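Let me begin by presenting the structure, written as structure tokens, before commenting on it.
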There are 2 protein chains.
Amino acid sequence: MNAGTPPPRRMRADAHRNYQRLLTEAAAAFAEHGADFSLEAIARRAGVANGTLYGHFPTRRALLEALMGDRMRALAATGAELLTARSPFDGLVTWARAAMAHTTIYRGLGATLMQAVEDESSELHAACKAVLAAGEKLLARARTAGEVRPDVTAPDLYALINAAAWAGEQSSPPQGERLLTFGLNGFRTSATDQALPLPKLTPAPK
Amino acid sequence: MNAGTPPPRRMRADAHRNYQRLLTEAAAAFAEHGADFSLEAIARRAGVANGTLYGHFPTRRALLEALMGDRMRALAATGAELLTARSPFDGLVTWARAAMAHTTIYRGLGATLMQAVEDESSELHAACKAVLAAGEKLLARARTAGEVRPDVTAPDLYALINAAAWAGEQSSPPQGERLLTFGLNGFRTSATDQALPLPKLTPAPK
DNA sequence: TTGAAAAGTTGAGACTGTCTCGATATTTTC
DNA sequence: GAAAATATCGAGACAGTCTCAACTTTTCAA
């Protein structure tokens with residue numbers, strides 16, 4: 001079985017070396033200077049021509065995908081584990097905080113993540129969907145337990161996480177966490193007493 | 001009195017004309033393409049050399065200040081009016097929505113607004129402070145009425161407004177409004193029953 | 001009215017960054 | 001040990017920000 005060796009093509013040795021170097025330098029540069037850092041400079045730091053960088057990663061997004069893919073999938077897995085948390089709401093909160101920390105890895109990453117989830121052609125799309133699905137499961141459990149409002153959606157949670165991360169970058173990390181906390185409290189059923197009606201989302205054209 | 005005529009220097013006629021044209025074109029371009037639109041292109045559209053634009057507005061921020069100053073002050077005034085709303089919380093909500101709509105005028109404006117409030121050298125600083133003060137008054141009234149948690153601060157409100165506007169730009173306007181709504185609900189006292197503790201803000205160095 | 005002085009404008013040019021592509025170099029494979 | 005396949009290189013086409021010395025227009029006092 002599997003004698004056809006469908007995708008056996010290995011990367012050439014020098015190519016693989018450059019690929020790794022680029023990833024390493026990009027991770028360092030993005031962590032220090034944010035996700036908008038010059039690709040040209042990253043290539044320079046990695047000791048390759050910029051054409052080589054573009055050869056491996058045609059877009060900035062492709063580079064971010066290579067850096068983020070695993071992290072995103074790990075986050076989805078964490079979500080699955082938290083489905084067994086004592087309190088459904090606590091599980092949700094713990095996960096949301098982890099997700100926010102994750103977005104904060106590179107300054108400016110939030111915008112990419114928000115766009116990737118809606119852009120099917122994005123290389124981060126699948127990973128974002130997995131994260132969204134993990135959020136939905138946690139949300140569903142909390143909903144069933146009567147701990148969050150029935151009208152809270154996974155995109156609401158996703159938007160809250162990224163928006164709070166954004167706010168944290170703009171002013172200070174604790175400010176971001178406060179925002180996340182307020183938002184999550186706003187999700188709670190206990191707030192529903194005199195709760196405000198929510199604007200409807202226009203259903204995205206399929 | 002006032003015989004010294006401290007700042008009587010009027011702008012030269014041609015300068016004034018160019019200044020106005022630049023403002024007009026910038027407003028149109030920012031509204032259509034966002035606050036990051038090319039200044040070079042704005043100068044072109046206004047029929048002046050780019051050096052002229054930089055002569056009038058040394059930075060993009062200076063241009064935004066000229067465009068936003070009045071609007072910001074108007075927003076602060078609206079806040080003062082809403083202090084007489086029947087329900088303190090409703091007044092707060094109404095104002096927060098107006099503030100968010102205001103941030104949404106130019107895509108990408110939120111980041112500038114978030115930074116301006118902390119940067120004393122920003123030309124938008126005073127206007128931001130006025131907006132913050134208006135928010136604080138509405139918040140204080142709602143706090144006194146027992147409608148919002150005692151630990152909600154004006155910066156929380158300001159961050160929520162801008163973060164919700166950001167989210168709205170990233171995905172869709174209604175998503176932004178939903179986020180604002182959840183956040184405001186999270187401010188409410190009714191959510192305090194089982195409320196989460198808030199992370200403390202590290203006091204900004206005076 | 002007029003002609004300096006003051007004020008304003010111009011646009012080339014120095015940078016930085018994105019992205020492409022033909023020429024060149026290195027590996028791999030047979 | 002070459003041919004074939006695969007990568008790399010780096011110049012160059014663009015676009016944007018920002019500066020500045022030369023030039024032009026306006027103002028205003030005599």
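From a predicted model like this one, the values you see are computed outputs, not experimental measurements.
Not counting sequence neighbours, A/T112 has no partner by the side chain to side chain donor-acceptor pair (under 3.5 Å) test. With sequence neighbours left out, B/R107 forms a salt bridge (charged side-chain N to carboxylate O under 4.0 Å, His left out) with no residue at all. Not a single salt bridge (charged side-chain N to carboxylate O under 4.0 Å, His left out) links A/E169 to another residue, sequence neighbours left out.
OP1 and OP2 of C/dG8 both lie 4.0 Å or more from every side-chain N or O belonging to B/H56. In this model, the phosphate group of D/dA7 is not approached by any side-chain N or O of A/T52 to a distance below 4.0 Å at OP1 or OP2.
Residue contacts for B/H16: at a heavy-atom cut-off of 4.0 Å it reaches no nucleic acid atom on any strand shown.
Rounding to whole angstrom units, CZ of residue B/R21 and C1' of C/dT9 are separated by 13 Å. Distance CG (A/L53) to P (D/dA7): 15 Å, rounded to an integer number of Å. Spacing between atom NE2 of B/H33 and atom C1' of D/dA15 amounts to 15 Å, rounded to whole angstrom units.
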Under 3.5 Å donor-acceptor pairs involving side-chain atoms of residues 129-141 of chain B, not counting sequence neighbours:
residue : atom : partner : partner atom : Å
B/E136  : OE2  : B/R143  : NH2          : 2.6
B/R141  : NE   : B/L83   : O            : 2.9
B/R141  : NH1  : B/L83   : O            : 3.0
B/R141  : NH2  : B/L83   : O            : 3.3
B/R141  : NH2  : B/A85   : O            : 2.5

Identify all pairs in which a protein N or O lies below 3.5 Å from an N or O of nucleotides 17-20 of chain C, and state each distance.
residue : atom : partner : partner atom : Å
C/dT18  : OP1  : A/L39   : N            : 3.4
C/dT18  : OP1  : A/R60   : NH2          : 2.6
C/dT18  : OP2  : A/L39   : N            : 3.2
C/dT18  : OP2  : A/E40   : N            : 3.3
C/dC19  : N4   : A/N50   : ND2          : 2.8

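A distance of 9.0 Å separates CE of A/M68 from CG of A/L75, quoted to the nearest 0.5 Å.
Ring-centre distance between B/F182 and A/F182: not below the 6.0 Å cut-off. Aromatic pair A/F187/A/F89: centroids not less than 6.0 angstrom apart.
Between A/W166 and B/W166, the two ring planes are parallel [angle under 30°; tilted spans 30° to 60°].
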For each nucleotide in nucleotides 23-30 of chain D, reading 5' to 3', give B when a protein heavy atom comes within less than 4.0 Å of its base, S when such contact involves only the sugar-phosphate, and - otherwise. --BSS---
